[in-house]
Each structure stands twice: as C-alpha cells, then as structure tokens.
Amino acid sequence: MTEHNLAIVVLAAGRGTRMKSATPKVLHRLGGRTLLGHVLSQAEALGTPHVRVVVRHERDRVVESLADYPGARAVDQDEVPGTGRAAQLGVADLPADFAGDVLVLSGDVPLLEAATFRALLDEHRRREAAATILGAELAQPEGYGRVIRGADGLVERIVEQKDATAEELAVTEINSGVYVFRAAALRQALAEVGTDNAQGEMYLTDVVRILRGAGDVVAAVAAPDALAALGVNDRVQLAEATRILNERVIRRWQLEGVTVEDPRSTWIDDTATLAPDVTLLPNTHILGATTVAGGAIIGPDTSLRDAEVGQGATVRRSDVTLAVIGENATVGPWAYLRAGAELAAGAKAGTFVEIKNSTVGEGSKVPHLSYVGDATIGSGVNLGAGAITANYDDVLKHRTVIGDQVHTGSHTVMIAPVRLGDGAKTGAGAVIRKDVPAGALALSVSPQRNLVGWVEKNRAGTAAADAARRSRASEKATDGQQEQDG
Ligand code: UD1
Ligand code: CA
C-alpha cells in the first residue's frame, strides 16, 4: 500500500570521524549490506514514494550506493553542520504541499526494523503529536542524547551527551535518533534552531524543546528491543551491531527449521536464504545472495558467497564464490569453487581442487589436486588425481571440452583449446595437446629408461649414492645366498 501521507528523510551526510576510515561511515558493512542499506531496506517496506537521503561527506560514493534503492533520492547538505540542517534540507526537498508526517531516520542506526517504525508512526498519529521520539532504556547510555522529562512525566527536551549536566547524564532514557514529525511543525521549528551548543552544530534534537515551548504535544515511544537502537559511531559499535544482527538472523533461520550447531561461530548475511533441514556446522559463513536447499550440510570451516547449493549437497572446509552446487553434489574438504563453477547433480569437487567458469556434469568427479578452468565436462567423468586444464596461453583463455564417461589417468594436463570425446581415456602423466577421439586411449609420455648405476657414478659421495650402494650390495648378498641355497 502506498503511504502518501508519509515521507522519510534519512540523515547520511556526517563525516563519521570516529570510524577513522577512508570509507564513509554509512557505507561500512554488516550482515551483507551497508549501514545505510539496512536503513533503506526497512524504509522501503513502509511504502512511501517520498524517500530522501541527505548526503555530503563522500557524497558521490554514498549516492552511488543508492542505486540499489530506486525509491531513494539524494539531497545535498551544505556547509552548515548538524543533524538539524540535514533534516531541514531533506524536508525542503519534499513537494512544497506535502503536509503529512516525516519519519526521520539516522543512516548509522542499522538494526531498527520496519515494524518498529510503523508502531512509532501509529502512536504518533493516535496521540496527534507534533513530534514522537523513538527512545530506548539503556543501562549504559554514554554517547547518546538523553530524553529529559518534566515533573509531569512529559518529554521536555533532548540534551546531547556533550551539553549535559552530571544529573542529566544519569538519565538512562536515550534518543535513538529516529523520530516522526508533522511536516509543518518540523519546518517551523527547524527555522528556529541555532548552533549555540558544545559542537556548534544545528541539532535536530533542539526541535523538541522548541515544539514544547510552542505548546505542541511531543511524545516518546520506547523501542521494543533496546539493543536495536544501537547507533554505530566507531568500530567497536560496528562489531557489536554485526553480532546482534547475526544473532537475529540465525534465530530467524533456526525457527524456520535450520540446524545451526554453533551459533557463535556461524555468520549468516541478512541477504542469504536457507531452506528447512539445512545443517550448518561450526565456523561457517553464508554470505551475500547465497541460497541453500533442504538437506544440505555446510561446514565446518566453510564460506559460501553468492552461491547456490542444491538439495542434499555437502560442502566441507571449502571456499565457494558465485558457484552453483547441484543436488547431492559433494565439495571438499579444501575445495575452492570460483565464479562460474557449476557442479551438476551428484558431482564431486574433492580435496585441493580449484574450479572456475566450468561445468561438471552429472555424477562426474574431480576428486584430488586439480585445477579446472574454462572447461565443459560431461557426465560420468572421472578426472584422475592432479588433472589440470591449462586454459591460459599467456594471452588468451581457451576452453577444454570433455565428453561423457571420460576417465583421465593421474596428472593429465589438457592444453586448451582441446576436446576429449565420449568414453576417451588418457594415460598417467599425459599431456593432451590434440583432440582425443571418442573411445581412444591417449598416451603422450615416452617409454621409461632406467640408467642403471647413474647415481653412484655421477653423484659419488652423496647420501643417495651411499644408500644406492648399500642397497645394491645387500641385493647381491641376497642373490649369492639364494644361489647357494639353490
Ligand atoms: C545523534 C543525536 C543523539 C542520538 C544519537 C542516536 C543529534 C544532535 N544527536 O547523535 O541525540 O542519541 O544520534 O544515535 O541529532 N548527519 C548528517 N549531517 C550532519 C551530521 C550528521 O546527515 O551534519 C547524520 C550522520 O551521517 C548520522 C546521523 O546524522 O547518520 C547522526 O549523526 P551523528 O553525528 O552520528 O550523531 P550522534 O552524535 O550519534
Ligand atoms: Ca551516531
């Protein structure tokens, strides 16, 4: 449903000095999205056509990140600093006749959910307030603005940490940095906000005092989950937010039927999708747009990024990025599947195997110590230990095409472009430079010659020569013994 009477202004123009980072604060990532991305994806769920994001610091990078949220429009903040100025410019960019409610969100408060914004808005409308603050009770309120109430229990103002008296600092009700305002009241009050405070900035929080002075109703609603009000100003808070989000995401999937053996060492991005009866073993990372189908067992020690895993597949101690793993396929231990690797149903990528931009057909196996790049492999194939597709000739990449039911001997090198026909075989150590017809056995290794005594002659005095001499002497003695016995 489209909410025409609601506008959203997201504050994202600050420097984020305390992050000490070349990356703007709101673009730091947790759980698969940026801080700002979390805020915008929840904002999207409210269904308003008016979403403004106020930008200034590293504005081009922040604006570029908005591409994922087509409803959001950037508004530039000028040289006047502070959340009050940011909100003022965001509101000024709304249609001039917009007379609904303005939800102001902070780009650095990533864990609040749409349902909380919705509840805040409902309460604001029910009480016909000019402003409603989303507050939270925090045992450790350091760093946040405090909500100061009068003797009558009504909200009087918000005081910033840096401007607060000792008595005010003892207040544990904090301002989460999220509010709803009646548009007209906000426009009027912001016009009166100055910069006479410890930071010399226009504080959005001053609006509360100004509205109360004009006799307007200002309400405050407590966030249902105080932890979700966490604002990210430094890397300590970023890690804390990451952990809280991860716990939330894991719990969501557990309730959907996913077994997570060790939630503390398992990391699941908010953007991933798991089916019931997936099992995640310890130290596993499910990242990006990964999807995992039912019955799959992932881990331990595995990372999946933007991967697709089919029903009943297993992936042990492996790194998988942008790859597709078919039903009942097995991967690892210690496999590396890169972009464009596709294992069909029942296929195997075994130990110390790297595969990229290649398809491995149904039931085909790449069990040990292989590199497979730019290859198409049919069904029922077995690549012997150490098989390599030499796909790169120093200038261009070429394809290797392997038919159905091909078996290669250990340590076969296939120099692309090359084709191995259905049912073909290769000998151990073969270097395949020419196509192999269907059903042929390809051998490329010259017959073995043993130069007897070479080591003792050419490496006299070495440990190898001594060992060889001893071995030959004992062979002779045994031969002599046998001759006597016979
Ligand atoms: C702000 C609130 C504080 C609240 C806390 C909640 C004010 C004055 N203080 O403090 O009461 O408890 O959030 O997390 O509002 N921003 C701009 N333009 C600016 C400055 C900031 O867009 O000129 C943006 C920032 O990018 C950030 C948000 O506003 O996303 C909050 O700014 P920040 O400097 O982090 O405010 P806090 O000190 O955390
Ligand atoms: Ca902040």
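We count residues from 1, following the sequence as given. We count ligands from 1, going down the list as the structure has it; atoms in each ligand are counted the same way. Note that the structure is predicted; figures quoted are calculated from it, not measured. The basis for the numbers below is simple: all heavy atoms, side chains too, and nothing from hydrogens, waters or symmetry mates.
Closest N/O/S atom of D108 to the Ca ion (ligand 2): OD2.
For the residue pair E137/T172, the side-chain donor-acceptor check at 3.5 Å is satisfied. The closest side-chain donor-acceptor pair between R251 and Q254, if any, does not fall under 3.5 angstrom. Under 3.5 Å, the side chains of T376 and R399 contain a donor-acceptor pair of N or O atoms.
Considering both main-chain and side-chain atoms, T205 never comes within under 3.5 Å of ligand 1 through any nitrogen or oxygen pair. Taking any N or O of I158, backbone or side chain, none lies under 3.5 Å from an N or O belonging to ligand 1. Considering backbone and side-chain N/O of A13, one or more are found under 3.5 Å from N/O of ligand 1. Taking any N or O of P81, backbone or side chain, none lies under 3.5 Å from an N or O belonging to ligand 1. By the 3.5 Å distance cut-off applied to N or O atoms, Y203 is not counted among the residues near ligand 1.
Within the structure, the closest approach of N233 to ligand 1 falls below 4.0 Å when heavy atoms are considered. Ligand 1 is never approached by H57 to a heavy-atom distance shorter than 4.0 Å.
Against a heavy-atom cut-off of under 4.0 Å, A86 is close to the following atoms of ligand 1: 17 (C), 18 (N), 22 (O). Here is the list of ligand 1 atoms found below 4.0 Å of a heavy atom in Q77: 17 (C), 18 (N), 19 (C), 22 (O), 23 (O). Heavy-atom proximity to K25, at under 4.0 Å, picks out these atoms of ligand 1: 35 (O). Counting the atoms of ligand 1 from 1 in the order shown, those under 4.0 Å from a heavy atom of G14 are 16 (N), 17 (C), 18 (N), 21 (C), 22 (O), 24 (C), 25 (C), 26 (O).
Using a 4.0 Å cut-off between heavy atoms, S176 contacts ligand 1 through its backbone alone, with no side-chain atom that close. If you look at E201 next to ligand 1, there are no close heavy atoms at all, none under 4.0 Å. Residue-level proximity to ligand 1 for A12 is carried by the backbone, the only part with a heavy atom below 4.0 angstrom. At a heavy-atom distance under 4.0 Å, only side-chain atoms of R18, from C-beta outward, approach ligand 1.
One finds the CG atom of L343 at 13.0 Å from the CD atom of E327 (value rounded to the nearest 0.5 Å). Here the CG atom belonging to L111 is positioned 8.5 Å from the CG atom belonging to L227, to the nearest 0.5 angstrom. Between atom CZ of residue R56 and atom CG of residue L11 there is a gap of 15.0 Å, rounded to the nearest 0.5 Å.
Taking the charged nitrogens against the carboxylate oxygens, D108 and K25 do have a contact shorter than 4.0 Å, which makes a salt bridge. Ion pairing between a basic and an acidic side chain is recognised when a charged N comes within 4.0 Å of a carboxylate O; K356 and D374 show such pairing.
In terms of protein heavy-atom proximity, atom 13 (O) of ligand 1 is nearest to G177 CA, 4.5 Å. For atom 31 (C) of ligand 1, the nearest non-hydrogen atom of the protein is T83 CG2, 3.9 Å. In this structure, atom 30 (O) of ligand 1 lies nearest to the protein heavy atom L11 O, 2.9 Å.
With a 4.5 Å cut-off on side-chain heavy atoms, V278 and W253 do not count as touching. By the 4.5 Å heavy-atom criterion applied to side chains, T48 and T2 are not counted as neighbours.
Other residues, nucleotides and ligands contribute only 12 or fewer heavy atoms inside 6.0 Å of the CZ atom of R264.
Without hydrogens or angle criteria, T266 side chain to D262 main chain gives a donor-acceptor distance under 3.5 Å. The main-chain N or O of A220 is never found under 3.5 Å from a side-chain atom of Y179 such that the two would form a donor-acceptor pair.
Taking only non-hydrogen atoms, the option from G16, P24, G107, G82 nearest to atom 19 (C) of ligand 1 is G82. The heavy atom nearest to atom 11 (O) of ligand 1, out of those in E79, E160, R15, is found in E160. Considering L105, N175, D163, L89 only, the shortest heavy-atom separation from atom 12 (O) of ligand 1 involves N175.
Distance check on atom 36 (O) of ligand 1: every protein heavy atom falls at or beyond the 4.0 Å cut-off.
Between W267 and H285, the ring planes lie tilted relative to each other; the angle falls in the 30° to 60° range.
The Ca ion (ligand 2) lies under 3.0 Å from an N, O or S atom belonging to N233.
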